[in-house]
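Values below: every heavy atom of this structure, side chains too, minus hydrogens, waters and symmetry copies.
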Amino acid sequence: ASAWLMALRSVVEEGASSGYLNRIATAIAFFVLVHMASLRLAWRSALVRSRPTVFAGTAHGALTGWLALAVSVGAVDASRWQTFGLPYTVAYMLTDILFYCIPKRDWLMTAHHLVMVATQIGVGTEGGATVGSAGDAAWAVSLSALGYVAELSVPFLNIRWYMLQTLQEHSAAFTVNSAFVLLTWVFGRLVLMLYLIVFVICPRYPEFASRGALDAFVGLLAGHTTVFAMSADWFRKMLRSGLWSFFVFRPGQAAFNPNTKAEKKKGQ
């Protein structure tokens, strides 16, 4: 049987008794409220109206990024990632599809979110994590948390977007925030993803093969490779005007932001 289907079955069966599905439902309700509040605020603010999902995205990136980092360095027990981090991120992905991807017809981001939900939701239960990791649930939780360190860049990226829309002249805060964008993007999305692919996922191929769970292995490899490739492409586009323009604000300057399709249409 498909390892992914077995993990999903564990989510349905074990998730109901453990409260995992209830936590996902609660997180969905939270994000729906955030989106609805943002849409209401959008009626009063043209800036918010241009990106009403920025609040939910920032809330998701800030919490998952820092929680993932804390779990990865051992400051917080790994069980917190299963009980809180995963329900929170699954809920965000599902609601972002509804409130952003479908209205904007951003099918690439829709595919990204669906793949993330499909590969991560099983890690929230012990049975799903065991099946999806070829027998090592702790490995699956660790890999999941490490991957989400990439989200650390999102709040800084959104702050940069806000500054680009509101600043009238250069500010030192713009340079400092841009430095954090660069730092978290390079190490959290490029270096870390490449490390996970080469030194964490690929070496475990024999275990997946021996258990007949190659579909789970392919899913993990494809998911992380896709995130790395997309992040590398977005990084190139963010720096296409050069490092000076990236760190120094100029009124009217265009800026690519991977979190919104609207800006891409304007050639930003």
Side-chain angles (χ1 to χ4, degrees), residues 38 41-42 45-69 72-73 92 96 100-101 104 106-109 112-113 116 146-198 224-268:
S38 298
L41 183 60
S45 169
L47 181 59
V48 175
R49 191 158 56 248
S50 68
R51 274 191 71 196
T53 58
V54 67
F55 298 108
T58 302
H60 172 258
L63 191 144
T64 56
W66 286 106
L67 178 59
L69 181 62
S72 298
V73 300
Y92 168 74
D96 198 55
Y100 168 74
C101 296
K104 292 290 187 180
D106 193 337
W107 308 126
L108 179 61
M109 194 60 70
H112 167 272
H113 286 0
M116 291 299 294
L146 275 168
Y148 269 88
V149 171
E151 292 297 306
L152 284 172
S153 61
V154 174
F156 297 115
L157 191 66
N158 287 342
I159 291 171
R160 176 179 165 83
W161 167 81
Y162 176 77
M163 287 182 169
L164 286 168
Q165 308 303 314
T166 58
L167 286 179
Q168 300 298 317
E169 59 183 21
H170 178 69
S171 166
F174 181 84
T175 299
V176 171
N177 183 74
S178 295
F180 278 112
V181 171
L182 192 67
L183 181 68
T184 54
W185 196 277
V186 170
F187 289 99
R189 289 182 173 268
L190 300 180
V191 175
L192 179 59
M193 282 298 153
L194 193 58
Y195 168 81
L196 293 178
I197 292 168
V198 176
H224 287 78
T225 301
T226 299
V227 171
F228 174 78
M230 292 174 66
S231 297
D233 180 57
W234 290 338
F235 183 66
R236 176 184 63 82
K237 291 176 179 176
M238 283 192 291
L239 293 181
R240 63 187 176 189
S241 297
L243 278 175
W244 180 262
S245 295
F246 186 79
F247 286 111
V248 179
F249 173 78
R250 293 176 301 162
Q253 76 181 74
F256 171 79
N257 191 310
N259 291 331
T260 172
K261 189 176 182 181
E263 289 184 346
K264 295 179 189 177
K265 290 180 178 179
K266 297 176 182 178
Q268 300 176 353

Rounded distance [0.5 Å steps], [atom1] in [X] versus [atom2] in [Y]:
X	Y	atom1	atom2	value
L146	S72	CG	OG	4.0 Å
Y195	H224	OH	NE2	12.0 Å
L194	F228	CG	CZ	5.0 Å
D233	M238	CG	CE	10.0 Å
L239	K237	CG	NZ	13.0 Å
L152	L157	CG	CG	12.5 Å

Beyond-backbone contact of [X] with [Y], side-chain heavy atoms, under 4.5 angstrom:
X	Y	value
M230	L108	yes
R189	E151	yes
R51	W161	yes
L41	F55	yes
D96	C101	yes
Q168	P251	no
V54	T58	yes
T64	Y92	no

Looking only at non-hydrogen atoms, find the nearest pair between [X] and [Y] and report the distance.
X	Y	answer
S38	P52	CB-O, 3.0 Å
M193	G147	CE-O, 3.3 Å
S245	R160	O-NH2, 4.4 Å

Enclosure of F187 CZ (heavy-atom neighbours >12, cutoff 6.0 Å): no
H60 and Y148 aromatic ring geometry - parallel, tilted or perpendicular at 30°/60° bounds: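 Y148 vs H60 ring planes: perpendicular.
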ring-ring contact (aromatic ring centres under 6.0 Å, His included) partner of F180, the single match among W185, F156, F174, F247: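 For F180, the ring-ring contact (aromatic ring centres under 6.0 Å, His included) test succeeds with only one of W185, F156, F174, F247, which is F156.
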N-O pairing of E169 and R250 below 4.0 Å: no
F235 six-ring face occupied by R240 cation (under 6.0 Å, within 45°): no
Member of T184, L192, V73 meeting the side-chain contact (heavy atoms from CB on, under 4.5 Å) criterion with V149: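 Exactly one option meets the side-chain contact (heavy atoms from CB on, under 4.5 Å) with V149, and it is L192.
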H170 (side chain) donor-acceptor with F249 (main chain) under 3.5 angstrom: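 Confirmed, H170 side chain pairs with F249 backbone.
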Chi angles and distances behind the side-chain contact (heavy atoms from CB on, under 4.5 Å) call for N158, Y162: CA-CA 6 Å; N158 287 342; Y162 176 77; over 6 Å; no
